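The structure appears right after this line, and notes come after that.
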Amino acid sequence: MDQNCLFCRIIRGEIPSAKVYEDEYVFAFRDINPQAPVHILVVPKTHIPCADAVDAENSVYVAKCFEAIAKIAEAEGLSNGYRVVNNCGEDGGQSVMHLHFHLIGGVKLSEKVV
Ligand code: 5GP
Ligand code: ZN
């Protein structure tokens, strides 16, 4: 874990969040600036900076994030579908350098990605 990383601090409980799910590998909480009725950030409980840093040693955390996404989506009533987004790096629009997946839904989303 990284001492000063915002999401590491949220995982440690040093910064409050609206938690929706937690297990050994994953922490999930509502985005502070939601873009849709459901907008949840699904975060590995280890400091992986971005998608570029996923490797054979830490990819179990990514798999666990997606297992969690399926459970959270069901709990949130997203039976008609949803979108999972990862922003990577400057061109990808990543603002918090701790890998996270946006789980977005609760409305019919635009078919456009960009
Ligand atoms: P990114 O742009 O890095 O893909 O996404 C970062 C997300 O974190 C943004 O959607 C932003 O609203 C959210 N965010 C930033 N700071 C906080 C915070 O302190 N608490 C919560 N819950 N979300 C945050
Ligand atoms: Zn971190």
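As the structure is a prediction and not an experimental result, all values here were calculated from the model. Ligands are counted one by one from 1 in listed order, and the atoms in each one are counted from 1 as well.
Residue contacts with ligand 1, taken as heavy atom pairs separated by less than 4.0 Å, involve Leu41 solely via side-chain atoms from C-beta onward.
Distance check: His47 NE2 to Asn58 CG gives 11.0 Å after rounding to the nearest 0.5 Å. Put simply, CG on Leu6 and CD on Glu14 are 10.5 Å apart, with the number rounded to the nearest 0.5 Å. Of the inter-residue distances, the one linking His98 atom NE2 with Thr46 atom OG1 reads 7.0 Å to the nearest 0.5 angstrom.
The nearest non-hydrogen atom to atom 24 (C) of ligand 1, considering only Ile10, Val96, Ile32, Val43, comes from Ile32.
Under the 4.0 angstrom criterion for non-hydrogen atoms, His102 is in contact with ligand 1. Under a 4.0 angstrom heavy-atom cut-off, Gly93 registers as being in contact with ligand 1.
Of all atoms in ligand 1, numbered sequentially from 1 with element shown, those under 4.0 Å from a heavy atom of Phe7 are 8 (O). Close approach to Gln94 involves these atoms of ligand 1, each under 4.0 Å from a residue heavy atom: 3 (O). Distances below 4.0 Å separate heavy atoms of Asn87 from the following atoms of ligand 1: 1 (P), 2 (O), 4 (O). Close approach of ligand 1 to Phe29 (heavy-atom distance below 4.0 Å) involves ligand atoms 21 (C), 22 (N). Those atoms of ligand 1 that come under 4.0 Å of a heavy atom in Asn33, given as number and element, are 12 (O).
More than 12 heavy atoms of other residues, nucleotides or ligands shown are found within 6.0 angstrom of CG on Asp55. Within 6.0 Å of CD in Glu57 there are 12 or fewer heavy atoms belonging to other residues, nucleotides or ligands.
Under the 4.5 Å side-chain criterion, counting only non-hydrogen atoms from C-beta, Glu24 is not in contact with Lys45.
A continuous path of ILVMFWY side-chain contacts below 4.5 Å connects Ile104 to Val107, so both sit in one hydrophobic cluster. One hydrophobic cluster, built from ILVMFWY side chains closer than 4.5 Å, holds both Leu103 and Leu99. Under the 4.5 Å side-chain heavy-atom criterion for ILVMFWY residues, no single connected hydrophobic cluster contains both Tyr25 and Met1.
Every N/O-N/O distance between His39 and ligand 1 stays at or above 3.5 Å.
Of the protein's heavy atoms, Arg30 O, 2.9 Å lies nearest to atom 22 (N) of ligand 1. Protein heavy atom nearest atom 2 (O) of ligand 1, with residue, atom name and distance: Ser95 OG, 3.0 Å. In terms of protein heavy-atom proximity, atom 11 (C) of ligand 1 is closest to Asp31 OD1, 3.4 Å. Closest to atom 5 (O) of ligand 1 among all protein heavy atoms lies His100 NE2, 3.0 Å. Scanning the protein for heavy atoms near atom 15 (C) of ligand 1, the closest one is Leu6 CD2, 4.1 Å.
Atom ND1 is the N, O or S atom of His47 at the shortest distance from the Zn ion (ligand 2). Atom ND1 is the N/O/S atom of His98 found closest to the Zn ion (ligand 2).
Checked against the 6.0 Å centroid threshold, Phe27 and Phe7 do not count as a close aromatic pair.
Contact record, Ala28 with Ile40: CB-CG2, 4.0 Å, taken as the closest heavy-atom pair.
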